[in-house]
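Okay, so here's the structure we're looking at.
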Amino acid sequence: MTKKRKSWDEYFLDIAEMVASRSTCFRNKVGAVIVRNKDIISTGYNGAPTHQPNCLEIGFCYRNKHNIESGTQLEKCRAVGSHAESNAVVLAARNGHSTAGGTMYVVGHKFICNQCKAIIANALIEKVVLKKPDGKIEIIYPARDWKVHPVDQENPQ
């Protein structure tokens, strides 16, 4: 009996799910893996920045405590600026790994936030494979798919 191997995308998405298990967020566990030439160069998960207490350590989520709707008032989150995607890019930079031409695998989100879109685009990541909470996979090519600024999408002239 022959067993089918997982595709590379399935393999790296599975690893991103394991990375997400390190998240310190009560609401949403997100993991990201950056790959170049089938080699993992970096990982990241969402949580408070280095040197700051995270939600698990303090025992509550500020956003839950104050009934802040998901996707709004992101500046009132301990993980602001420390999303899985941005953490993966920062870790790659800290360790001297170029992200240019890489692929980022992300699990745990319905969408990539605008701040992370900018970071991913500026890191010259060529492809994003997003596995949404419902299991659906979205393939994104930042150079093609993120050419219009979100402000321009809301207010076309």
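Any value given below was found using the heavy atoms of this structure, including those in side chains, with hydrogens, waters and symmetry copies removed.
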query: Is there a side-chain contact (heavy atoms from CB on, under 4.5 Å) between Val106 and Glu85 once you walk through the steps?
result: CA-CA 7 Å; Val106 181; Glu85 303 92 328; 3.8 Å; yes
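Relative ring orientation between Trp8 and Phe12 is described as parallel, the plane-to-plane angle staying below 30° on a 0-90° scale split at 30° and 60°.
Put simply, the side chain of Asn87 never gets that close to the backbone of Asn46: no donor and acceptor are under 3.5 Å apart. Between the side chain of Arg36 and the backbone N or O of Ile41 there is no donor-acceptor pair closer than 3.5 Å. Remark: side-chain polar atoms of Ser42 are paired, donor with acceptor, to backbone N or O of Ala88 under 3.5 angstrom. Arg63 contributes a side-chain N or O that, together with a main-chain N or O of Thr72, makes up a donor-acceptor pair within less than 3.5 Å. Side chain of Asp134 to main chain of Lys136: a donor-acceptor pair is present (N/O by atom type, distance under 3.5 Å, no hydrogens or angles). With hydrogens and angles disregarded, no donor-acceptor distance shorter than 3.5 Å links the side chain of Thr99 to the backbone of Ile125.
Ile137 and Val129 get closest at one heavy-atom pair: CG2-CG1, 3.8 Å. The two atoms that bring Ser23 and Asn28 nearest to each other are OG-O, 3.7 Å, heavy atoms only. Across Glu57 and Gln52, no two heavy atoms sit closer than the pair OE1-O, 4.2 Å. Across all non-hydrogen atoms, the minimal contact from Ser86 to Cys116 is N-SG, 4.2 Å. Closest approach of Ala48 and Ser82 over heavy atoms only: C-OG, 4.1 Å. The two residues Val80 and Pro49 make their nearest non-hydrogen contact at O-CG, 4.4 Å.
In this structure Lys127 satisfies the salt bridge (Lys or Arg N to Asp or Glu O under 4.0 Å) test together with Asp9, sequence neighbours excluded. Partners of Asp145 according to the salt bridge (Lys or Arg N to Asp or Glu O under 4.0 Å) rule, which considers only residues two or more places apart in sequence or in another chain, do not exist here. For Asn64, the side-chain contact (heavy atoms from CB on, under 4.5 Å) test picks out Phe26, Arg27, Cys61, with sequence neighbours left out. Partners of Glu17 under the salt bridge (Lys or Arg N to Asp or Glu O under 4.0 Å) rule, at least two apart in sequence or in another chain, are Lys131. For the salt bridge (Lys or Arg N to Asp or Glu O under 4.0 Å) test, residues two or more places apart in sequence or in another chain that qualify with Glu138 are Lys132.
When the side chains of ILVMFWY residues are joined at heavy-atom separations under 4.5 Å, either directly or via intervening members, Ile139 and Val30 end up in two distinct hydrophobic clusters. Both Val89 and Leu130 belong to a single network of hydrophobic side chains, linked directly or stepwise wherever heavy atoms of I, L, V, M, F, W or Y lie under 4.5 Å apart. Ile112 and Tyr105 end up in different hydrophobic clusters when Ile, Leu, Val, Met, Phe, Trp and Tyr side chains are linked at under 4.5 Å. Transitive grouping of hydrophobic side chains (ILVMFWY, heavy atoms separated by less than 4.5 Å) keeps Tyr45 and Ile34 in distinct clusters. Both Val33 and Leu13 belong to a single network of hydrophobic side chains, linked directly or stepwise wherever heavy atoms of I, L, V, M, F, W or Y lie under 4.5 Å apart.
Rounding to the nearest 0.5 Å places CD of Glu10 at 12.5 Å from CD1 of Ile15.
Every pair passing ring pair (Phe, Tyr, Trp, His ring centres under 6.0 Å) that includes a residue from residues 60-103 is listed here, sequence neighbours excluded: Tyr62-His66.
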